[in-house]
2 protein chains.
Amino acid sequence: MLELAILGLLKEQELHGYELKKRLTDALGAFSSVSFGSLYPALARLEAAGAVQVVTTQAPAPALPAPAVPMTGSIAGEAAAFRARRAAARPTRPSRTRKVYAITARGEQVFEELLEADSTSGDDDRAFNLKLAFCRHLPPERRLGLFEKRRALLVERLAKARTSHRTLKERMDLYTQSLVDHGAETTEADISWLDSLIALERKGGTPS
Amino acid sequence: MLELAILGLLKEQELHGYELKKRLTDALGAFSSVSFGSLYPALARLEAAGAVQVVTTQAPAPALPAPAVPMTGSIAGEAAAFRARRAAARPTRPSRTRKVYAITARGEQVFEELLEADSTSGDDDRAFNLKLAFCRHLPPERRLGLFEKRRALLVERLAKARTSHRTLKERMDLYTQSLVDHGAETTEADISWLDSLIALERKGGTPS
DNA sequence: GAACCGATATATCGAGCCGATATGTCGAGA
DNA sequence: TCTCGACATATCGGCTCGATATATCGGTTC
């Protein structure tokens, strides 16, 4: 499941592990945190599978990522200005011992397989959020299929929750009842949201 | 995290592993699925820690296996109810090789510790749902503390999502933007729900 | 200028959880 | 009879996590 995120990010830009982790937690931190303990093994797996490839080690890679940091030569003062500039625009300063990864042709193939695979894990929600974050790489009809499959899953989950709530209401205490109720409402909201996504898709409003 | 659920169920009734799994997936299946691959090791851990205890093996199981347990289980499944009905209608003859577990005094202690522990895992949501399903065993003021701690976490998450959405909007495509938006709305709804739970708690409407 | 701190960067470890699978019993039905 | 599905326990490999180890670099502090 992490592979999908890694490949999705590498599809856009070559990155090293640390930066990869920062982008993952920045963009999707609310939904899923990523730890180094899973990131680095995942990168190793992908490399072993030929899906990614180390393109740079120990070098600042002058070609694309680093836009030639000017490095003002003044010695005294303006530490505040320097700090502000560093905080505002930070183009990934080069450092020693980093491994920059790039996606391979095989990796592109794996990426698409992962995007369309039925989530093997029981954690459907996280998987769908991840897929949504990268579904722009899918052709429109497959994207639509992804949305509708997700919608069907949510409808089924809602139905199960409703029958469960009806048949077990007497046995459940108020807290569990409230939990199930709220879960059902959340699922309803998810379905409505998916409906809006599907409608947008049918209209043809496909973004970049 | 599974320990909490196991102890919570065993607090109400002595059960064997298979039945334990069925009740878990029946009642909380919408939120978290439980597999044997985690259930049996968890039971072994709990037994090693002295939190549970095997009370019956090779159960002869006459009419009433559990002595003086009034079956007030609030967490029970539709299928479990069906089985109970069928068992009442026909004389149950199961079964060989099953291990019925009971909670110990030490287990009760562990249960309360788990209920109040800050979730060590990154999976806060599942953990809170589980805690809510068993929080009736907590004294009211601790229950309130649990709710308010959860509320604070959600507020923080919402704030982070909002700033993230503001600062990274340009980088994100429409799908990811929609995902973050919907996540924020869901979190808002969660906070409102928690507010209603807190209000109910302050009013003193403590159930069973 | 030395000593320290935080950010950068890679990597491993133990433990928990999951899906899949193995093993075996039992009752119902083809 | 013999197979099929439910019951029941248990293990295996794999993935993810939090914690931890290691090391460099820039900036702050004394």
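Each chain gets a letter, A, B and so on, in the order the sequences are listed, and its residues count up from 1.
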Below 4.0 angstrom from OP1 or OP2 of [N], is there any side-chain N or O of [X]?
X        : N       : value
Lys99(A) : dA11(C) : yes
Arg45(B) : dG16(C) : yes
Ser35(A) : dT16(D) : no
Ser38(A) : dC15(D) : no

Measure from [atom1] on [X] to [atom2] on [N] and round the result to the nearest Å.
X         : N       : atom1 : atom2 : result
Ile6(B)   : dG16(C) : CD1   : P     : 12 Å
Glu47(B)  : dT9(D)  : CD    : C1'   : 13 Å
Leu4(A)   : dT16(D) : CG    : C1'   : 16 Å
Phe36(B)  : dT23(C) : CZ    : C1'   : 14 Å
Leu39(B)  : dA20(C) : CG    : C1'   : 16 Å
Arg126(A) : dT16(D) : CZ    : P     : 12 Å
Asp123(A) : dG14(D) : CG    : P     : 21 Å
Leu46(A)  : dG14(D) : CG    : C1'   : 14 Å

Of all the choices, [options], which nucleotide is nearest to the side chain of [X] once you look at every atom?
X        : options                   : value
Glu3(B)  : dC17(C), dA8(D), dT10(C)  : dC17(C)
Tyr40(B) : dA10(D), dC17(C), dT12(C) : dA10(D)
Ser33(B) : dT11(D), dG19(C), dC17(C) : dG19(C)
Tyr18(A) : dT8(C), dT12(C), dA8(D)   : dT8(C)

Do [X] and [Y] get their side chains close enough for a donor-acceptor pair, meaning under 3.5 Å?
X         : Y         : result
Trp193(A) : Ser178(B) : yes
Asp173(A) : Thr176(A) : yes
Gln13(A)  : Arg23(A)  : yes
Glu19(A)  : Tyr101(A) : no

Six-ring centre of Phe36(A), Lys21(A) cation under 6.0 angstrom, axis tolerance 45°: yes

Sugar-phosphate only, base, or nothing, as touched by Gly17(A) at under 4.0 Å among non-hydrogen atoms: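 Counting heavy atoms under 4.0 Å across all strands, the contact made by Gly17(A) is with sugar-phosphate only.
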
